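For clarity, every value in this text was computed on a predicted model and none was experimentally measured. Counting starts at 1 for both ligands and their atoms, in listed order.
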Amino acid sequence: MIGLLAFLLLLFFCSGSCLAADAAVDVRPLEVTVVPTFTQLQWPDWVLGLDEGLRCDPRPMIITGAGDGSGRMFVATEYGTIHTFENRADVEQMHTFMDIRERVKPYKPNENEEGFLGLAFHPRFKANGEFFVYYSIAPTEARPHASRISRFRTKAGNPQEADPESEEILLEIPDLYWNHNGGTVVFGPDGYLYIVVGDGGWFNDPHMNSQNLHSLFGKILRIDVDHSGSGLPYTIPADNPFRDQPRFARGEIWAYGLRNPWRLAFDRETGVGWAADVGQDAWEEIDLIVRGGNYGWNLREGKHPFGPGGFPESEKLIEPIWEYPHEVGKSITGGHVYRGKKFPVLQGSYLYADYVTGQVWALWYDANRKQVTANRTLREKGFPVLTFGEDDAGEIFLTSEREIFTLVPAE
Ligand SMILES: [Ca+2]
Ligand SMILES: [Ca+2]
């Protein structure tokens, strides 16, 4: 046993020393690329506006399995509809699971960060029929901008249809601006619901929301949706970092100093949370989310001081593990750590894209050496990537405003 341990240690140190400390990042293109899938899917006419003589894009904002063993896929539009279909490339039929368009802020092309933005199935969805959504509320004069996080349930005995009347509002966040609403809701490996909230909006985080622990903006929140108490429809998990300091901070906060993470996903194998935080002027970044972490905005953008009041590197501010400049792309879309079966070459890589250029990468990070070892391109450019999603087996999908895509071996 000791012999084996010594051998393993030797192997570890040897492999460490055999790789140069500043080993170059592998940027060779990958033999995997992105192609349309589910191309025969028939969206309802009313989603495409055909019933009004229009032709709108379906704007699929979320694509995911439900984790319920049914093999079904779910796709949600920015307009506030959720549809389900069989996970087959040539599937034609989709079934409307829920339609809450009248509660959701209508889509505006030049203010396109509001709408139906997030969907997460409860880890025990098969048993309890619960799922969670994040959407911008249909505006009123008194409240032009606001986000809502709610629980819904399926109709009794019918897993193919949600009950729109089952809505239970968990949280509402009134807002001043149309942009930077975050929008991801996702269950962590701990069974808690994580909610991504952007800095509220405009430019520069003018109200310093992200560094303000009394504000929910610019944060990743973490709540227990299986319990309620203290007048709330949820509880604050016992190990949330600010739970016992109500005068100092909101208990829901798990991490802060974020600008507008467009997608947070947990690695199925390691449980690590990966967030892609969209930059403002110069840098897009990828962050590994830890309990109580301060990710620097609006003091830093990427690994750089931001603006005249910018801060130098500090041990109090967690640097991204990766950044890219605006010469490369202008708005990051975060994906998933690949744990599927179809592409062994992608195993353990974080898939992400740039919304503006459409470039898609797979990034490998060595947690022991705290270094990115590879950042390999699957596609140089293409359609704007709205979101990534996974089926229950961990295979990857992407969407544009119009289509759904998946990965295939490159020709
Ligand atoms: Ca906003
Ligand atoms: Ca940062």
Report the angle formed at the Ca ion (ligand 1) by atom O of G200 and atom O of N179, rounding to the nearest 10°.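 The two atoms subtend 80° at the Ca ion (ligand 1).
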Using only N, O or S atoms, tell me which atom of E285 is closest to the Ca ion (ligand 2).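 The atom in question is OE2.
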When you compare the side chains of D199 and Y177, does any donor N or O come within less than 3.5 Å of an acceptor on the partner?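 Note: D199 and Y177 side chains miss the donor-acceptor criterion.
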Of the N, O or S atoms in D175, the one nearest the Ca ion (ligand 1):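 Of all N, O or S atoms belonging to D175, OD2 is the one nearest the Ca ion (ligand 1).
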Would you call K342-E395 a salt bridge at under 4.0 Å N-O?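 Salt bridge between K342 and E395, a charged N being under 4.0 Å from a carboxylate O: no.
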Looking at F121, F131, F125, F132, which one forms a ring pair (Phe, Tyr, Trp, His ring centres under 6.0 Å) with F187? F132
Under 6.0 Å between ring centres: does that hold for W361 and Y324?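 Aromatic pair counts; centres sit under 6.0 Å.
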